[in-house]
Amino acid sequence: MQKTNYEVVEGDVRTAGLEVINLAWRSLRRGAGIAGGRHLPTILGLLYRPRFAMAWNVFRFCTGLRVVGSVMILVVLAVVAVSYYAVVISNYGLEVLKGGSQTAIALVVLLLFHGLLVMLLWCYFTVVLTDPGGVPSNWRPITDEEDIEAQSMPLAAGNPAAGSNLQPSGAGGAQKVRFCRKCNQFKPPRCHHCSVCGRCILKMDHHCVWVVNCVGARNYKFFLLFLLYTFLETTLVTASLLPHFIAFFSDVDDESSLPGNLATTFLGFVLNLAFALSVLGFLIMHVSLVSGNTTTIEAYEKKASTRWRFDLGRRRNFEQVFGSRKLYWILPLYAEEDLRKMQVLHGLDYPTRKWWE
């Protein structure tokens, strides 16, 4: 009986299972006649071979997170609406209309609130709408043809581990050719496959449900600015609502002590305090990652080492994300010069330290 390689079958588990059964059934009928049907339970057992099970990617269910992400955009807008009502309509807007000694403070709070809110929403929708970067269909690694064949041949033999090596190996730091079995294409350095988006992302940091998008080479700066302005805005709202939150538990009566105003003040304070604390943790983590020119995935996967090939020093690491023009550091934009010169934005090649080269 001719040997059939069932282990490299990929795709939907039901379709693959039918293919295995049909191939094995025809082989049995040729070798043992109709009586071979009694071996059907053995044939079904082939479906549960360990290597075959690897062909069924359980992370395909992660595509359901796209629907969750769409809902999360509404959640973000709802939190913004509650905060706006609590700060502008329920409290500080009334202070401006009444006049008096608190008018100047109310105006400062309202100006800062609206300024940070504009920057927050600008950065947020820039992250949502910006493509993090995908691998061009015709991209090939720059290396010898023999090396490509040597690295990619195990894939044809059904070895899922080939092409899963991350970054350099060997004493000289030679870059291994990496191949994505799901996209069926070569992977540039620092590129990873996203099971939610269903494609390889250049310099992938993580898939963020809150922005319904991957955070990668081309929108990482915008994501960091979104975290920064979210922290500043939620901190401002928390601090500005704190006196009113304290008054919520007192017997002080004023014009803003309507049930609706009290409820939005209480809810706005609690929500913004929770977001400020949680975003602060993420912000500190990503500042640490930027200082070392690494990503969340790389920090998790790379082996403990005192040397990282892409660590160019703190200033250059910062410029690898935010660009060289200081005026654009606080804006979700890149200068034309940076768009032309920054290798990171192309996502296919990255500068490395001289001692590594």
Peer 1: State, without any angle test, whether T295 and D205 hold a side-chain donor-acceptor pair at a distance under 3.5 Å.
Peer 2: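 On atom types as modelled, these side chains do not qualify, holding no pair under 3.5 Å.
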Peer 1: So, for M342 and E319, which heavy atoms are closest and what is the spacing to 0.1 Å?
Peer 2: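 Closest approach of M342 to E319: CE-O, 3.5 Å.
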Peer 1: Answer yes if L327 and L339 sit in the same cluster of Ile, Leu, Val, Met, Phe, Trp and Tyr residues linked by side chain heavy atoms under 4.5 Å apart, and no otherwise.
Peer 2: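 Yes, because L327 and L339 connect within a single hydrophobic cluster, where side-chain heavy atoms sit under 4.5 Å apart.
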Peer 1: When you measure from the side chain of N293 to the backbone N and O of V290, does any donor-acceptor pair fall under 3.5 Å?
Peer 2: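 No.
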Peer 1: From K187 NZ over to L348 CG, what is the distance, rounded to the nearest 0.5 angstrom?
Peer 2: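 The CG atom of L348 is 14.0 Å from NZ of K187, to the nearest 0.5 Å.
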Peer 1: Which distance, rounded to the nearest 0.5 Å, do you find between the CG of L289 and the CD1 of I284?
Peer 2: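 CD1 of I284 is found 12.0 Å from CG of L289.
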Peer 1: Name the one of Y92, F266, F269 that satisfies ring pair (Phe, Tyr, Trp, His ring centres under 6.0 Å) with H244?
Peer 2: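 Only match with H244 under ring pair (Phe, Tyr, Trp, His ring centres under 6.0 Å): Y92.
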Peer 1: Can you list everything that forms a side-chain contact (heavy atoms from CB on, under 4.5 Å) with L117? Sequence neighbours excluded, please.
Peer 2: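 L117 satisfies side-chain contact (heavy atoms from CB on, under 4.5 Å) with V80, Y84, F113, L121, E233 only.
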Peer 1: Determine whether more than 12 heavy atoms belonging to other residues, nucleotides or ligands lie under 6.0 Å from atom CZ of R199.
Peer 2: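 Yes - once you tally the heavy atoms of other residues, nucleotides and ligands closer than 6.0 Å, there are more than 12.
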Peer 1: If we count only N and O atoms by modelled type, under 3.5 Å, do the side chains of N317 and D311 hold a donor and an acceptor together?
Peer 2: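 Checked: N317/D311 side chains pair up, N/O donor to acceptor below 3.5 Å.
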Peer 1: For side chain to side chain contact (heavy atoms under 4.5 Å, CB included), just list the numbers for R309 and Y350, CA-CA rounded to whole Å, side-chain angles, deciding distance to a tenth of an Å, and then say yes or no.
Peer 2: CA-CA 10 Å; R309 63 181 290 127; Y350 302 90; over 6 Å; no
Peer 1: What distance do W139 atom CH2 and L202 atom CG have between them, rounded to the nearest 0.5 Å?
Peer 2: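 Going from CH2 on W139 over to CG on L202, the span is 9.5 Å.
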Peer 1: Is there a side-chain contact between N261 and N91 (heavy atoms, below 4.5 Å)?
Peer 2: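 Side chain of N261 against side chain of N91, heavy atoms only: no contact under 4.5 Å found.
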Peer 1: Working to the nearest 0.5 Å, report the span between SG of C191 and CD of Q185.
Peer 2: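 Taking SG in C191 and CD in Q185, the distance rounds to 7.5 Å.
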Peer 1: Got C208 and N213 here, is their nearest side-chain heavy-atom distance under 4.5 Å?
Peer 2: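 A side-chain contact is absent here, since even the closest heavy-atom pair is not under 4.5 Å.
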Peer 1: Look up atom CZ in F310 and atom CZ in R316, then write down how far apart they are to the nearest 0.5 Å.
Peer 2: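 One gets 13.0 Å once the value is rounded to the nearest 0.5 Å.
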Peer 1: Give the C-alpha distance, both sets of side-chain angles, the deciding distance and a yes or no for side chain to side chain contact (heavy atoms under 4.5 Å, CB included) between L236 and L232.
Peer 2: CA-CA 6 Å; L236 174 66; L232 295 177; over 6 Å; no
Peer 1: Examine R178 relative to F186 and say whether NZ or CZ is less than 6.0 Å from the centre of the six-membered ring and inside a 45° cone about the ring axis.
Peer 2: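 The answer is no, since R178 fails at least one limit relative to F186.
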Peer 1: Does any part of the side chain of F125, heavy atoms only, come nearer than 4.5 Å to the side chain of V211, both counted from C-beta?
Peer 2: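 Contact flag for V211/F125 side chains = no.
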Peer 1: If we only count heavy atoms from C-beta on, is the T296 to M285 side-chain gap below 4.5 Å?
Peer 2: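 Counting from C-beta outward, T296 and M285 do come under 4.5 Å.
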Peer 1: Give me the atom names and distance for the closest heavy-atom approach of V96 to L107.
Peer 2: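 Scanning both residues completely, I find the closest heavy atoms to be CG2-CD2, 3.9 Å.
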Peer 1: Which pair of non-hydrogen atoms, one from W210 and one from I73, has the smallest distance, and what is that distance?
Peer 2: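 Minimum heavy-atom contact is O-CG1, 4.3 Å.
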Peer 1: Taking the side chain as everything from C-beta on, heavy atoms only, tell me whether Y229 gets closer than 4.5 Å to I330.
Peer 2: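 When only atoms from C-beta onward are counted, I330 and Y229 do touch, with a gap below 4.5 Å.
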Peer 1: Taking all non-hydrogen atoms of both residues, which atom of C194 and which atom of C214 are closest, and how far apart?
Peer 2: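 Taking C194 first and C214 second, the nearest heavy atoms are SG-SG, 3.2 Å.
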Peer 1: H206 versus F223: any side-chain heavy-atom pair under 4.5 Å?
Peer 2: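 In short, these two side chains touch, coming nearer than 4.5 Å.
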Peer 1: For Y334, does the six-membered ring have the charged nitrogen or CZ of K221 within the cation-pi criterion, i.e. under 6.0 angstrom from the centroid and within 45° of the normal?
Peer 2: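 Judged by the rule, K221 and Y334 form a cation-pi pair.
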Peer 1: Are L77 and V79 co-members of a hydrophobic cluster defined by side-chain heavy atoms under 4.5 Å apart?
Peer 2: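 Yes, same cluster.
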Peer 1: Quick check: are there more than 12 heavy atoms from other residues, nucleotides or ligands sitting under 6.0 Å from CZ of F318?
Peer 2: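 Yes, enclosed.
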Peer 1: Side-chain heavy atoms nearer than 4.5 Å, only ILVMFWY residues, links allowed to pass through others: does that put V237 and V108 together?
Peer 2: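 Yes, it is one cluster - the side chains of V237 and V108 are joined through contacts under 4.5 Å.
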Peer 1: Answer yes if the side chains of S324 and D338 hold a donor-acceptor pair under 3.5 Å, and no otherwise.
Peer 2: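 The answer is yes; a qualifying pair exists.
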Peer 1: Is F275 linked to F231 within one hydrophobic cluster, defined over Ile, Leu, Val, Met, Phe, Trp and Tyr using a side-chain heavy-atom separation of less than 4.5 Å?
Peer 2: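 Yes; tracing contacts between hydrophobic side chains, which count when under 4.5 Å, links both residues.
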Peer 1: Any side-chain heavy-atom pair from R190 and E298 closer than 4.5 angstrom?
Peer 2: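 The answer is yes, as the side chains (C-beta and beyond) meet within the 4.5 Å cut-off.
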Peer 1: State, with a plain yes or no, whether a side-chain heavy atom of P332 is found less than 4.5 Å away from one of M119.
Peer 2: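 P332 vs M119: side chains touch.
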Peer 1: Counting only N and O atoms by type, is there a donor-acceptor contact under 3.5 Å from the side chain of R218 to the main-chain atoms of L345?
Peer 2: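 Checked: pair present.
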Peer 1: Can a side-chain donor-acceptor contact be found between T264 and S90 if the only test is distance below 3.5 angstrom?
Peer 2: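 Judged by distance alone, the side chains do pair up.
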Peer 1: Ignoring hydrogens, what is the shortest heavy-atom contact between G216 and I201? Give both atom names and the distance.
Peer 2: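 Minimum heavy-atom separation between G216 and I201: CA-CG2, 4.2 Å.
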Peer 1: L312, V287: one ILVMFWY side-chain cluster at the under-4.5 Å cut-off?
Peer 2: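 Looking at the clustering, V287 is in a separate group from L312.
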Peer 1: With distance as the sole test, does S291 use its side chain to make a donor-acceptor pair with the main-chain N or O of R314 at under 3.5 Å?
Peer 2: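 No, the answer is negative, given that no donor and acceptor are paired below the 3.5 Å cut-off.
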Peer 1: Working to the nearest 0.5 Å, report the span between CD1 of I246 and CG of L241.
Peer 2: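 The distance works out to 11.5 Å.
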Peer 1: Of the options V321, L228, L227, V215, which is the one that meets H286 in a side chain to side chain contact (heavy atoms under 4.5 Å, CB included)?
Peer 2: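 Going through the options one by one, the only one that passes is L227.
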